[in-house]
Amino acid sequence: MSDAPSNQRATPGPTLHVLFLECSPADAEFCLQQLKKGGFDVRADLAQNLEEFFERPRSESYDIVLADYPSSNGTRIDALQLLKKEGKDIPIILATSASGEESAVEWVRKGVSDYVLKDQLVRLPVAVRRALEEKSLRQTCQRAEEALRESEERYALVASGAHDGLWDWNLKTNEVYFSSGWKSMLGLEESEAGNSPKEWFHRVHPEDIRGVRAGIAAHLEGRTPHFEGEHRMWHKDGTYRWVLSRGIAIRDAGGTAYRMAGSQTDISDHKLIEEQLLHDVFHDELTGLPNRTLFCNRLEFAIGRTKRPGDYFYAVLFLDVDRFKIVNDSLGHLIGDELLIAVSRRLKECLRPGDTVARFGGDEFAILLDDVHDVNDATRLAERIQKNLTVPFTLHEHEVFATASIGIAMGAVGYEQPQDILRDADLAMYHAKSRGRAGWKRFDRSMRADAVALLRLETDLWRAVERQEFRVYFQPLASLEDGIITGAEALVRWQHPQRDLLLPAEFISVAEGTRLIVAIGEWVLRTACAQAQAWRASGHSLRVTVNFSAHQFGHPDLVGLIRTVLKETGLPASALELEITESVAMKDIELSSGILKELSADGMHVSIDDFGTGSSSLSRLKRFPINSLKIDQSFVRNLAGDVRDAAITTAMITMGHSLKLNVIAEGVETKKQLAFLRSRRCDEMQGYLFSRPVPAAAFTKLLQKARRLSPAH
Ligand code: C2E
Ligand code: MG
Ligand code: MG
């Protein structure tokens with residue numbers, strides 16, 4: 001309301017905004033003088049007639065209207081009604097001659113604030129002040145009424161709940177009436193609770209009583225519009241129930257509370273759900289351990305403590321269960337889940353009461369070691385955990401072994417956010433894992449540099465795919481019997497814009513991690529097939545072998561893709577050989593054997609790469625349509641010096657032949673190795689002794705010079 005601030009002007013000093021209605025300028029001037037003398041700082045406007053009077057209060061806010069009386073009949077009523085209709089509470093004071101005094105009194109009865117006789121205008125400031133004070137009082141009362149209505153409504157609402165208990169407290173006699181609902185809620189018989197407030201307060205949970213008393217006092221002292229609070233009440237059955245207590249005081253004219261009444265509602269069920277929800281938000285469903293959110297809360301607290309003076313240290317351990325996926329895949333998710341539960345129990349056994357172990361999801365756990373002396377506390381714990389895990393888990397009838405890799409980061413001043421120290425502990429865990437499983441590693445700054453380098457490599461790799469920075473090199477495969485080039489293995493290289501030509505060892509695993517290998521692999525396949533077809537067209541019939549990694553078997557239509565590439569390049573299926581390692585074949589036996597069978601039916605060849613390094617057996621490999629075995633170069637390397645490697649190689653050649661497979665030796669570097677392999681009737685070889693992998697043009701020259709390789713090459 002535009003006149004809202006006016007009630008603040010009841011005391012002399014602030015500007016009084018006056019609207020004169022139908023006063024002569026001389027009278028108005030005189031009134032102003034009186035008001036100024038009375039201590040008012042006055043600002044005034046003149047409304048000559050009722051139309052003007054209608055408009056003025058709409059655009060301006062006035063504190064008071066001074067109207068000349070009597071003037072034209074009816075004007076004063078209209079003015080009064082108008083203000084009421086507009087919802088404006090502006091006091092009107094009439095300035096009247098003695099002859100009009102009688103009817104002026106009548107107007108005051110009808111709602112005009114006051115009148116002043118024209119020959120006593122010196123009284124005007126007093127009348128104005130009184131009118132303003134009355135207005136202020138009126139507004140206060142209005143507000144109080146509204147508040148009362150509101151709380152009465154609320155009270156009615158509260159009391160209407162069928163299950164509520166009611167209480168009514170006579171503050172003068174200090175007696176409380178407790179309804180039967182109130183009593184039965186606490187398991188009491190009608191006769192059991194007396195009428196003393198103690199019946200209430202001594203049943204309130206000791207931890208909650210202060211809050212209840214404070215809430216009631218705040219309301220009785222008028223600081224809160226009503227009393228409301230949740231607290232626990234003792235039940236006769238010996239348990240505590242959660243209740244919601246609400247109440248409102250009834251006050252005398254002086255504002256002193258003499259009675260207070262309210263209700264009590266049993267909210268135990270809500271509380272239970274609320275507590276469950278709260279628990280769920282902060283805990284892992286499977287193991288019941290704190291989750292990442294709760295862990296980070298506690299970690300944040302620990303970080304905060306390091307900033308305060310004192311010798312406070314903490315440590316974060318990041319733990320990942322080794323080979324968990326294998327358990328999950330081979331024994332099923334149910335056993336996998338049970339293993340996680342069992343591991344979480346073992347972890348808890350290793351900790352002190354103040355420490356936190358949380359599950360971050362999957363097979364990842366984090367531990368917050370509170371208040372440690374030095375790093376030895378953390379490393380000792382890591383060793384204790386690993387020792388504890390060496391005892392096998394019995395899950396149903398299975399005996400399961402689990403180890404874990406652990407990364408340790410020491411909390412020191414300098415960590416600002418939980419994720420900073422978690423990132424470092426995680427990095428350390430990866431280092432531990434990459435050095436072999438069941439180990440622990442403490443974080444040091446060089447690890448961060450490694451991580452940055454890896455990130456850069458990943459970014460560069462994405463760009464390399466877009467910019468086609470890859471090259472395919474070819475390495476000849478030759479018959480051991482006559483040295484004739486029988487094939488070419490396609491090997492990818494990366495022409496990095498700032499670095500030398502990069503070998504697969506530097507980027508293949510990253511490409512596999514980001515699944516970029518799928519795009520790279522497709523490009524290698526297409527390039528290799530096109531090149532092989534070009535050689536065939538110029539009269540050199542040879543097969544091309546292409547390496548495939550596990551992720552490529554996840555391609556939704558690998559068979560379709562290979563068929564399309566063959567069709568586009570014109571290369572017959574029989575001229576393409578797929579190289580996969582044992583682990584790729586074994587990863588998802590159903591999937592890979594299905595794909596390979598289809599491709600084999602088309603006439604394509606399959607060879608098992610790096611044979612002898614995996615853990616598969618030939619009997620399992622029999623499920624695949626295999627044409628060749630490539631004996632891994634680690635066996636070939638020591639053929640001359642190591643009797644065992646020589647024996648294994650011989651056995652592999654014999655086994656391969658008994659299964660009617662073509663046996664290829666990789667990494668042939670010396671004439672001695674060559675002689676040995678020949679003596680054991682190995683079929684083909686590949687190695688630096690004859691040629692390193694070379695670009696297509698150089699390979700073409702090899703073919704043109706002599707289809708037959710000799711060590712001179
Ligand atoms: P691989 O398939 O076993 O390839 C043979 C590796 O041995 C090649 O290394 C080759 O240069 C090397 N090599 C050949 N003869 C000798 C020798 O006499 N002595 C020594 N010391 N090494 C020899 P490269 O080209 O560095 O490739 C390494 C691995 O990267 C390959 O092993 C293969 O697993 C993978 N790879 C290469 N190209 C691709 C590709 O296009 N796709 C996929 N998925 N993997 C690829
Ligand atoms: Mg290979
Ligand atoms: Mg190999």
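Hydrogens, waters and symmetry mates are skipped; everything else that's a heavy atom, side chains included, is used. Note that ligands are numbered from 1 as they come in the structure, with each ligand's atoms numbered from 1 the same way. In what follows, residues are counted from 1 in the order of the sequence shown.
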Protein non-hydrogen atom found under 4.0 Å from atom 42 (N) of ligand 1: yes
Counting backbone and side-chain atoms alike, is an N, O or S atom of D609 positioned under 2.8 Å from the Mg ion (ligand 3)? yes
Region of D609 engaging ligand 1 - heavy atom pairs below 4.0 Å: side chain
Identify the protein heavy atom lying closest to atom 30 (O) of ligand 1, giving its residue, its atom name and the separation to 0.1 Å. P504 CB, 3.3 Å
Can you confirm whether Y430 is buried at OH, in the sense that more than 12 heavy atoms of other residues, nucleotides or ligands lie under 6.0 Å from that atom? no
Report the nearest protein non-hydrogen atom to atom 19 (N) of ligand 1: residue, atom name, distance rounded to 0.1 Å. E669 OE2, 2.5 Å
Would you check, one step at a time, whether the test side-chain hydrogen bond (donor to acceptor under 3.5 Å, both in side chains) holds for N662 with H605? CA-CA 11 Å; N662 178 42; H605 286 193; over 6 Å; no
Validation row, ring centre W440 to ring centre F318 under 6.0 Å: no
Side chain, backbone, both or neither: which part of E489 has a heavy atom under 4.0 Å from ligand 1? side chain
Within-shell test, A505 vs ligand 1, heavy atom, strictly < 4.0 Å: no
If you look at E579, which of its N/O/S atoms is nearest to the Mg ion (ligand 2)? OE1
Can you confirm, on distance only, whether ligand 1 has an N/O atom lying under 3.5 Å from any N/O atom belonging to Q686? no
Residue, atom name and distance, where the atom is the protein heavy atom closest to atom 15 (N) of ligand 1: Q475 NE2, 3.0 Å
Considering only the protein, which heavy-atom contact is closest to atom 18 (O) of ligand 1, and what is its distance? Y688 N, 2.8 Å
Examine T545 and say whether one of its N/O/S atoms is closer to the Mg ion (ligand 2) than 2.8 Å. no
Out of curiosity, S549 OG to I520 CD1, how far, rounded to the nearest 0.5 Å? 9.0 Å
Do the charged groups of E506 and R499 touch, with an N to O distance under 4.0 Å? yes
W494 vs F470 aromatic rings, parallel, tilted or perpendicular, using cut-offs 30° and 60°? tilted
Considering only non-hydrogen protein atoms, determine which one is nearest to atom 11 (O) of ligand 1 and report residue, atom name and distance to 0.1 Å. P693 CG, 3.3 Å
Could you check T650 against R680 for side-chain hydrogen bond (donor to acceptor under 3.5 Å, both in side chains), going step by step and ending with a plain yes or no? CA-CA 6 Å; T650 308; R680 297 298 187 276; 3.2 Å; yes
Indicate yes or no: does E590 engage K597 in a salt bridge with an N to O separation below 4.0 Å. no
Going by the 4.0 angstrom heavy-atom rule, the piece of S549 near ligand 1 is both
Where on R692 is there a heavy atom closer than 4.0 Å to ligand 1, on the side chain, on the backbone, on both, or on neither? neither
Kindly state if atom 27 (O) of ligand 1 has a protein heavy atom within a strict 4.0 Å cut-off, that is, under 4.0 Å? yes
I want to know if ligand 1 touches V492 in the polar sense, i.e. an N/O pair below 3.5 angstrom. yes
I'd like to know if E666 pairs up with R637 as an ion pair, taking the criterion as any Lys NZ or Arg NE/NH1/NH2 lying under 4.0 Å from an Asp or Glu carboxylate oxygen. no
Check the surroundings of atom CG in N376: do more than 12 heavy atoms from other residues, nucleotides or ligands lie under 6.0 Å from it? yes
Considering only non-hydrogen protein atoms, determine which one is nearest to atom 46 (C) of ligand 1 and report residue, atom name and distance to 0.1 Å. N547 CB, 3.7 Å
Any Lys/Arg nitrogen of K630 or E577 sitting under 4.0 Å from an Asp/Glu carboxylate oxygen of the other? no
Nearest option to atom 6 (C) of ligand 1, as decided by whichever heavy atom of Q673, E666, Q633 sits closest: Q633
Which atom of E666 approaches the Mg ion (ligand 3) most closely (N/O/S): OE2
Near R448 CZ, under 6.0 Å, is it more than 12 heavy atoms from other residues, nucleotides or ligands? yes
Heavy-atom gap R493 to ligand 1 smaller than 4.0 Å: yes
Number the atoms of ligand 1 from 1 as they appear, then name those within less than 4.0 Å of a heavy atom of Q552, with their elements. 44 (N)
I'd like to check which ligand 1 atoms, numbered from 1 as shown, lie under 4.0 Å from a non-hydrogen atom of G687. 15 (N), 18 (O)
Of all N/O/S atoms in D610, the name of the one nearest the Mg ion (ligand 3): OD1
With a heavy-atom distance limit of 4.0 Å, tell me whether D610 approaches ligand 1 through its side chain, its backbone, both, or neither. side chain
Please confirm whether F393 and F401 have ring centers closer than 6.0 angstrom. no
Nearest protein heavy atom with distance in Å, relative to atom 8 (C) of ligand 1: L491 CD1, 3.9 Å
Is it true that atom CD of E568 has more than 12 heavy atoms of other residues, nucleotides or ligands lying nearer than 6.0 Å? yes
Taking both backbone and side chain into account, is any N, O or S atom of D632 nearer than 2.8 Å to the Mg ion (ligand 3)? no
Going through the distances and angles, do Q475 and Q686 end up as a side-chain hydrogen bond (donor to acceptor under 3.5 Å, both in side chains)? CA-CA 7 Å; Q475 189 179 29; Q686 178 183 353; 2.7 Å; yes
Looking only at N, O or S atoms, find the one in E489 nearest to the Mg ion (ligand 2) and name it. OE2
Do the charged groups of E383 and K387 touch, with an N to O distance under 4.0 Å? no
